[in-house]
Amino acid sequence: MKTLTLEVRGLFEELDHLGVERHLMALNGVQRAEANPASASVTVQYDEAVVDEKTLRGTIEKCGFHCAGEQLPEHICKMDHKDHTGHEGHAGHAAHGAKAPTSHEEMAHEMGHGAGHDMAAMVKDMRNRFWVALLFTVPIFIYSPMGGMFTPPAPPFGMRLDLWLFFLGSAAIVWPSWPFFVAAWRALKNGILNMAVLVVLSVGTGYFFSVGSTFFFPGVQFYEAVAVLLVFILLGHWLEMRARAGASEAIRALLDLAPPMAVVLRNGEEIEVPTAEVLAGETVIIRPGNKIPVDGEVIEGESVVDESMLTGESMPVSKKPGDKVVGATINKTGSFRFKATKVGADSALAQIVKLVQEAQNSKAPSQLLADRASQWLVLIAVIIGLATFSVWFWWIGSPLLFAVTLTITVFVIACPDALGLATPMAVMVGTGIGARNGILFKNAGALEEATKLDVIVFDKTGTLTMGQPRVVDVVPAEGTDADTVLRMAAAVERGSDHPLALAIIERAEGLDVPATGAFLNIEGKGAQAEIEGELVYLGNRRLMDEQKIDLADLSAAADDLKGEGRTVVHVARGGRLLGLVAIADAPRPSAKVTVAKLRERGVEVAMLTGDNEGTAKRIAAELGIDIILADVLPGQKADKVKELQAQGKRVGMVGDGVNDAPALTQADVGFAIGAGTDVAMESADVVLMKSDPHDVLGAIELSRATLRKMHQNLFWAVAYNVVAFPAAAGVFYPLVVSPAVAAIAMSGSSALVAVNALLLKRTRLDGVKQPGQPEALASGVQAAEA
């Protein structure tokens, strides 16, 4: 199965996307199609052997929308990707002699930056239509009788008043409302009922009735009421679209991180090319201050690189030959060259963007219900509108004007957009916040489920612990200090690449380590070296026994450390024991506070490990964990998760290794540590890019905040419509809602839901350390919050 995200331009009404989903799902070979009007894109999972990308694009076009291609800017799009015209991307254009874009602005313009520019164009168009409608509505007010308050002036050019109002009304209504007529026709053709259908019924009824009364039969005219109604509808849609456009700012900020140009070595010369034209295997040249364009491996030179956009770690990371570099990170000091290994859509940044896009397009369980409810709401509005006219005109005998006015009000006041927007807007903003903080939700279901977890199971090695040996204790003999023990141990281990040796050297950093000579490795026991004329032995107890070194008072301490699951290294000099160095897989600095805060929130914490029970208990006691699952073989991890689920608990699993993948899949929500394996990340629902278990807290807090917004929005949307229908139908007569007031209420309802979702951007996640954001990302986030 292949998963592809395609841009869908022209999603005017919030429910338009349902038609796209329906037609794509009708294709053989399509397993899943999820569209998001806020991101103006659709994610399709399909069988390439049954249906191809061209057919998918053609189906979207048949629905009445423009399929503009994969929603990635050209400077990070895949090199062999082809657009809907069949032409190759930038690399192909260059190969055929066509001019490739030479600046970031040109490339952004060519791709339209995807949904962002499409939505910006729609926002601008809606704004223009609003102002045109308002411009002609003002004179309609002036020339209307205004309830007898004053005598209107005579129409110009000697025209009859009704013809003058027809001219003004047509100018205020026909062009400004035309997108709703197009959207309504497209929706009905696609088997969808959306807000455009109701707008057409209300505006169309009032306008055509007024035209009929002007030219064909005596009667009242609705030009004033319909024009005012449309002004408020357009204003509401304008504000709603602005809010929808603001929801995707975080993604556009991520997209902008990739530099548009790169300097590569070709035929022995340095040349600057668009990033999209960098080929795998090429040599890329990086100088101080440059952004790294693609992923690769350093082959020459040294520097330090700011990787905070990817890892959240504010301290720059040193790079030397053999080290990996990631696209969109920033070189700080030196110059170096690297071989490009992953380019275009294969790069880390492109994969992050793809994950976030797919998450935003996925549907939370509550959204599936809201989509169906929105469809029924439009049908109910039509039925109630017709019933309102019948009751007031035929049964009660009210004037035609009154009955038609109430009917129009019912059509207008219903707001399926509020129901349809309630969940996707919250999901889009929530996933954007997560991406900004290094928490990648891969689907909306995980975003909703994370808040319901009863217990979180942490794999020990590499998740709660560092996954590599660390010196956790130094026990000096009487008359010696810990620094002396470390100095001697580090001197012997200098130059060794053994994990235990590296742990000792790291701990002794900053100490004055003496020079050594006559080094000898003693296989299976340790090592010896000469320091200042004396032999220093470093190793296990067998080595000490062979050298007849008395452990004296430290024998019991060594036994205790071993009982706690620690590796004990003995250090002796001149035939006398200097002390003990205890080495173990040390807990991550944030592990203990993570456990404590999870328990404060009522979430149980379990530790899963293949270690023996003694070692497991030591780590668990140190971190404050009560549930210990020790001596677990790799193939049994998923079974342990099942056992907890069998107790009626919702289980989250946090892991990083290949053998964690089955457990991550089995869990209700799987969290993969970002530094873990690709298999673990593929199996998980949430990826913690900073490899910090503390971010589990942030994921849960974000889930709770997002779910809270979903519930608030859904409650408001349902409550509004429950009250709106009877009020519009005249149930509370003589209190009657006018069409203009109904338009304000309808537009305000949609805008309120959108703005409430955007308030998620004010969320500060407990458990998430704010990363040192690169300037591009930080400015993009600030723009989104403005």
Side-chain angles (χ1 to χ4, degrees), residues 75-76 103-104 253-266 268-344 347-352 436-438 466 468 494-495 497 502 505-513 589 674-675 689-692 769-782:
H75 58 286
I76 61 171
S103 72
H104 188 240
L254 280 174
L255 295 174
D256 284 337
L257 288 178
M261 306 297 288
V263 177
V264 299
L265 193 64
R266 288 182 182 174
E269 295 184 2
E270 297 182 14
I271 61 171
E272 188 176 39
V273 299
T275 297
E277 294 184 9
V278 177
L279 303 174
E282 279 196 307
T283 298
V284 183
I285 299 168
I286 299 295
R287 294 185 173 87
N290 288 166
K291 277 188 177 182
I292 296 172
V294 296
D295 300 358
E297 181 178 324
V298 178
I299 56 177
E300 180 184 329
E302 295 185 5
S303 183
V304 292
V305 175
D306 178 0
E307 296 184 339
S308 57
M309 83 88 184
L310 183 69
T311 66
E313 178 55 57
S314 58
M315 292 297 294
V317 181
S318 62
K319 299 293 180 181
K320 60 183 183 302
D323 290 341
K324 306 290 185 183
V325 291
V326 180
T329 55
I330 303 173
N331 182 40
K332 303 298 287 186
T333 56
S335 299
F336 63 90
R337 298 183 179 190
F338 72 91
K339 181 178 71 174
T341 55
K342 292 183 179 180
V343 299
S347 67
L349 177 63
Q351 291 301 310
I352 291 173
R436 191 181 71 195
N437 289 285
M466 300 298 293
Q468 51 189 347
R494 178 186 285 149
D497 59 358
L502 295 176
I505 294 169
E506 181 184 20
R507 181 62 180 270
E509 188 175 351
L511 298 179
D512 181 19
V513 178
M689 294 299 296
K690 290 180 280 185
S691 300
D692 189 345
K769 297 179 291 184
Q770 297 298 322
Q773 298 171 333
E775 184 177 348
L777 179 56
S779 61
V781 170
Q782 290 166 2

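Worth knowing before you read on, the calculation uses all heavy atoms, side chains too, and leaves out hydrogens, waters and symmetry mates. Remember, predicted model here, so these are calculated numbers, not experimental data.
With hydrogens and angles ignored, the 3.5 Å screen pairs a side-chain donor or acceptor of K319 with a backbone N or O of K324. No donor-acceptor pair closer than 3.5 Å links the side chain of K291 to the backbone N or O of P260. E277 places no side-chain N or O within donor-acceptor distance of the main-chain N or O of P274, the cut-off being under 3.5 Å.
When each of V284, N290, I292 is tested with F336 by the rule side-chain contact (heavy atoms from CB on, under 4.5 Å), just one qualifies, namely I292. With T275 as the partner, the side-chain contact (heavy atoms from CB on, under 4.5 Å) test is satisfied by one option alone out of V294, V343, V264: V294.
No side-chain heavy atom of P293 sits less than 4.5 Å from a side-chain heavy atom of M261. Residues S318 and V304 form a side-chain contact, since some pair of their non-hydrogen atoms from C-beta on lies under 4.5 Å apart. Residues S335 and P288 have side chains in contact (heavy-atom distance under 4.5 Å, counting atoms from C-beta outward).
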Please evaluate residues R266 and V273 with respect to the criterion side chain to side chain contact (heavy atoms under 4.5 Å, CB included), reporting the C-alpha separation (whole Å), side-chain torsions for both, the decisive distance (0.1 Å), and the verdict. CA-CA 11 Å; R266 288 182 182 174; V273 299; 3.9 Å; yes
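Pairing each heavy atom of V278 with each of A340, the nearest pair is CG1-CB, 4.1 Å. Closest approach of E297 and T341 over heavy atoms only: N-CG2, 4.3 Å. Residue R494 comes nearest to I505 through the heavy atom pair CA-CD1, 4.1 Å, listed as atom of the first residue, atom of the second, then distance.
Contacts of E270 classified as side-chain contact (heavy atoms from CB on, under 4.5 Å), with partners at least two apart in sequence or in another chain: V263, L265, I285, R287, R337.
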